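Throughout, protein chains are lettered first and strands after them, A, B, ... in sequence-line order, and every chain is numbered starting at 1. The figures here come from the full heavy-atom set of this structure, side chains too, leaving out hydrogens, waters and symmetry mates. Keep in mind that what you see is a predicted model, and the values were worked out from it rather than measured.
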Amino acid sequence: MSTSVEEQKLANAALIAEVLEAFPEKSAKKRAKHLATFDSEKPDCSVKSNIKSLPGVMTIRGCAYAGSKGVVWGPIKDMVHISHGPVGCGQYSWGSRRNYYTGTTGVDSFVTMQFTSDFQEKDIVFGGDKKLEQVIDEIQTLFPLNRAISIQSECPIGLIGDDIEAVSKRKSKQYEGHKIVPVRCEGFRGVSQSLGHHIANDAVRDWVIDPATREAKPFASTPYDVAILGDYNIGGDAWSSRILLEEMGLRVIAQWSGDGTLAEMENTPHAKLNLLHCYRSMNYIARHMEEKSGVPWVEYNFFGPTMIERSLREIASHFDDTIKENAERVIAKYKALSQAVIDKYKPRLGGKKVMLFIGGLRPRHVIGAYEDLGMEVIGTGYEFGHSDDYQRTLEHLKDGTLLYDDVSAFEFEKFVARIQPDLVGSGIKEKYIFQKMGIPFRQMHSWDYSGPYHGFDGFAIFARDMDMAINAPAWTLTRAPWKTAA
Amino acid sequence: MPQCADQVLDFETLFREPEYRDMLADKRQFENRHPDTVVAETLEWSKSWEYREKNFAREALTINPARACQPLGAVYAHVGFKGTLPMVHGSQGCVAYYRSHFSRHFKEPTSCVSSSMTEDAAVFGGMNNMIDALSNAHTLYHPDMIGVSTSCMAEVIGDDLDAFIRNAKEKGSIPMDFDVPFAHTPAFVGSHVTGYDSALRGVLQHFWKGQTRVPDASINFIGGFDGFVVGNMPVIRRIFDAFGADYTVLCDPSDAWNTPGDGEFRMYDGGTSKDEVKRALNARATVSFQEFCTEKTLKYIAEQGQDVVSFNHPMGVAGTDAFLMKIAELTGKPVPESLERERGRLVDAIADSQAHLHGKKFALYGDPDLMLGLTAFLLELGAEPTHILSSNGDAGWAAKVQAVLDASPFGRDCHVYPKRDLWHMRSLLHTEPVDFLIGNSHGKYLERDCNVPLIRLAFPIFDRHHHHRFPIWGYEGALRVLVAILDEYFEKLDLNTSDIGVSDYGLDIIR
């Protein structure tokens with residue numbers, strides 16, 4: 001059943017009004033600012049974002065600690081990251097983000113381990129600085145090959161007045177300058193993971209980048225040095241990206257932070273160009289390096305051939321003709337693969353409608369990949385985006401797309417139930433709700449334990465995964481045959 | 001170019017293709033890695049007795065614990081009541097974590113809201129958050145009741161739930177008579193089993209306060225925090241039904257985490273109703289399946305005048321026997337013949353298979369009660385539970401386990417490790433190897449590091465699907481546990497005899 005764009009806009013408006021009616025009046029007023037239909041004639045009229053979630057509405061958001069330990073710092077593989085405070089935060093985030101890395105876990109790499117100071121009542125009452133010192137001593141004893149330590153603050157740290165900065169400095173001195181980074185990412189700071197990204201970026205700036213710049217460690221540069229920022233190597237995403245950059249003759253001197261190391265972070269100010277995939281979580285440090293070290297940065301998008309090709313050309317445009325020619329060669333090389341993927345899956349996926357609700361970049365970045373397969377994104381929203389994310393999204397949106405910022409479980413369920421898309425892409429907390437409703441679903445944070453999705457190699461996996469989600473025979477079984485059709 | 005549209009390569013094969021191997025080898029020049037020899041030496045050192053001693057000397061650092069925090073257990077307990085929306089007063093990230101954690105284990109949605117406290121609440125307290133949260137949750141999600149617990153922030157700044165909830169009602173946030181049982185569940189005290197205990201007691205206190213107990217012949221059953229609840233609770237109900245007993249299960253999330261895929265999302269399903277909770281005050285006795293999950297709850301129940309009985313996650317033949325005999329005693333009815341036959345079948349199966357497990361060494365870790373039940377069952381099979389470790393079991397727990405070991409000749413060389421973590425276990429496995437490891441999904445790192453096969457029988461199980469749907473309790477559950485262990489044993493034996501040209505003689509078709 002096809003509806004005109006105008007009908008769709010009216011339907012969306014009615015749906016938003018209906019959903020808001022279920023809230024208490026005060027809350028409805030607040031939520032109204034986060035829900036809208038995109039109107040291509042009034043493209044500035046977007047939704048409000050980066051505002052506190054309403055208590056009691058089942059937001060999908062996490063916290064600043066999740067943004068710092070879980071996203072930015074956690075994947076740096078040769079560092080030990082201490083979840084500083086009680087046991088839970090580290091436990092629930094242990095190994096759940098699929099930041100792939102190479103190394104010998106427990107010896108020179110520590111990503112899939114959970115280090116915690118495991119606060120007890122006495123630590124809350126008397127303060128935890130002494131315990132933290134001992135934690136650091138014990139790490140140094142048992143993990144002598146760690147390249148640095150970070151302290152990821154959980155809620156109590158900022159509330160009980162611990163001085164983790166002083167501990168860090170003292171211990172760093174004791175261990176002959178061994179890097180120890182205090183991060184004030186207590187979960188109550190800010191309104192979502194987003195402030196945690198910012199705090200983590202600032203800690204990288206103050207404790208890694210600026211000291212490295214000051215010390216001016218020798219580094220043999222080439223004119224083709226680039227760094228990948230904001231790729232967390234979920235299922236190997238950064239690897240299937242790196243391979244393309246290297247094939248076009250660039251030298252990737254650092255990966256942030258998936259499969260990253262302290263040394264790579266320290267190398268980054270030497271890059272000729274910083275390549276920024278997740279703008280939301282890493283723009284702060286990119287801007288800092290631009291101001292401080294004169295490293296320009298460019299955003300790119302490695303989802304789906306259209307955007308990959310556009311990004312490769314954009315990146316190449318910052319370099320000489322050799323690189324530009326190489327970019328064309330890389331694009332030509334992978335053309336056959338992309339075309340084969342599209343030929344295989346587009347007939348099965350063409351015209352299918354998708355609703356998304358994800359984190360920092362994917363609510364806009366994956367739209368092109370779906371469109372390469374002939375699919376249409378009819379609703380999207382950010383868990384923790386800011387207005388600059390929504391601004392960046394507008395060019396990718398079709399007229400009449402439903403927008404929902406920091407969507408509540410209630411709203412999302414109602415939207416999907418009414419609109420009945422062919423696929424929902426969101427997180428683990430949403431997955432089973434929609435699958436029970438008989439609606440195909442893919443986790444778009446963890447790639448549903450698949451991936452990589454970045455690059456041409458990843459696009460093949462992306463297309464296959466969307467096909468097996470949508471065209472699974474399971475969805476024909478939802479309704480028992482003896483039930484009359486609705 | 002390794003990727004191909006016809007035969008799409010996934011991560012486990014894609015990154016082993018030569019292009020990627022070369023790329024990753026080349027990346028090392030930027031990584032400042034330690035030389036391979038140093039890494040290899042350090043790896044070997046980390047397996048040594050010397051390392052083990054340093055590792056066990058740890059006092060402050062916890063590495064890879066097998067334990068979560070209180071509010072997780074509180075949310076679990078609240079999910080077990082009919083139409084109940086769990087709400088955690090504190091920062092919102094906590095709730096995102098609990099919901100994800102349960103969903104990854106049960107492969108089910110978990111509904112829970114937060115009062116979303118932020119910096120201003122740190123200064124002014126979380127009263128306004130509580131008022132708004134109750135109002136929004138009540139209006140949007142139409143629960144029968146809201147079960148409130150707390151995470152760190154609210155506890156550190158000292159928010160008073162009782163006063164806050166009363167205040168919220170007075171401000172018209174929710175109706176005065178709306179049920180809001182609550183419990184303070186600081187994450188820096190105890191573990192998820194403590195939170196279960198606190199929240200369950202909170203529910204009972206809410207409904208029993210001021211009520212007069214009129215004793216009847218019914219029995220209450222409390223299961224405790226249980227990752228297999230979806231499979232286990234039907235077994236318990238079947239047992240009570242077989243006895244023809246009048247019983248109430250206090251806290252039953254087995255339906256909420258097992259809803260059908262039939263086109264409808266059920267935010268609430270099953271669970272103990274308010275009427276059942278109220279009636280439970282009159283029961284003649286309450287039986288807890290897991291003592292360490294119910295210490296405070298049982299004390300409170302005993303104070304109401306009921307008999308209380310507790311078990312330590314009984315498993316296997318003798319464990320289940322003891323449980324059934326207690327039910328028989330409490331109901332005054334004999335153990336039903338159907339259960340006796342089931343027992344006989346389990347004993348028969350054990351007799352058929354015990355030779356394969358006799359003398360095999362096991363390492364196991366998990367919640368205190370589970371460890372006690374599992375230890376007893378392994379001893380019953382003639383196996384040796386060599387290393388028994390718990391991150392949330394204390395000295396009192398260790399003494400109980402020791403008593404179980406002392407009672408069996410197979411327990412002679414076995415040791416108990418209270419308040420230890422999986423990095424301690426790593427040292428144990430390297431220095432004193434065993435044949436099998438029993439634990440949760442986090443044990444897969446030990447399986448890799450120490451080359452010991454992992455059998456998943458503890459929460460959480462993220463990396464295998466639907467195990468939680470099958471019971472480990474009762475004779476029926478014991479049979480499943482037996483098969484899980486045997487499967488792993490036979491798999492290992494087959495693997496060890498599968499080297500063609502080397503061990504063609506050992507790959508027997510009959511085992």
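- Annotation: maximal heavy-atom pairing with chain B below 4.5 Å, among A:Phe23, A:Phe119, A:Trp239, occurs at A:Trp239.
- Heavy atoms closer than 4.5 Å to chain B are found in the side chain of A:Glu246, but not in its backbone.
- Heavy atoms of A:Arg61 lying under 4.5 Å from chain B belong to its backbone as well as its side chain.
- Only the side chain of A:Tyr345 comes within contact range of chain B, with at least one heavy atom under 4.5 Å from a heavy atom of that chain.
- For a residue to count as touching a neighbouring chain, one of its non-hydrogen atoms must lie under 4.5 Å from one of that chain's; by this rule A:Lys77 touches chain B with the side chain only.
- At least one donor-acceptor pair closer than 3.5 Å links the side chain of B:Lys107 to the backbone N or O of B:Phe462.
- Using a 4.5 Å cut-off between heavy atoms, A:Val191 contacts chain B through its backbone alone, with no side-chain atom that close.
- Both the backbone and the side chain of A:Ser450 come within less than 4.5 Å of a heavy atom in chain B.
- Looking only at heavy-atom pairs under 4.5 Å with chain B, the residue among A:Ile439, A:Val107, A:Leu477 that has the most is A:Val107.
- For chain B, the nearby parts of A:Thr112 are the backbone and the side chain; heavy atoms of each come within less than 4.5 Å.
- If you measure heavy-atom distances from A:Ile342 to chain B, you find no contacts under 4.5 Å at all.
- Using a 4.5 Å cut-off between heavy atoms, A:Tyr100 touches chain B through its side chain atoms alone.
- Residues that satisfy the side chain to side chain donor-acceptor pair (under 3.5 Å) test with A:Glu264, not counting sequence neighbours, are A:Thr261, B:Lys27.
- Residues that satisfy the ring pair (Phe, Tyr, Trp, His ring centres under 6.0 Å) test with B:His138, not counting sequence neighbours, are B:Phe178.
- For A:Ser338, no part lies under 4.5 angstrom from a heavy atom of chain B.
- Neither the backbone nor the side chain of A:Gln193 comes within less than 4.5 Å of any heavy atom of chain B.
- The cationic group of B:Arg426 lies under 6.0 Å from the six-membered ring centre of B:Trp423 and within 45° of the ring axis, placing it in a cation-pi geometry.
- Using a cutoff of 4.0 Å between basic side-chain nitrogens and carboxylate oxygens, B:Arg58 and B:Asp421 are scored as salt-bridged.
- Both the backbone and the side chain of A:Cys63 come within contact range of chain B, each with at least one heavy atom under 4.5 Å from a heavy atom of that chain.
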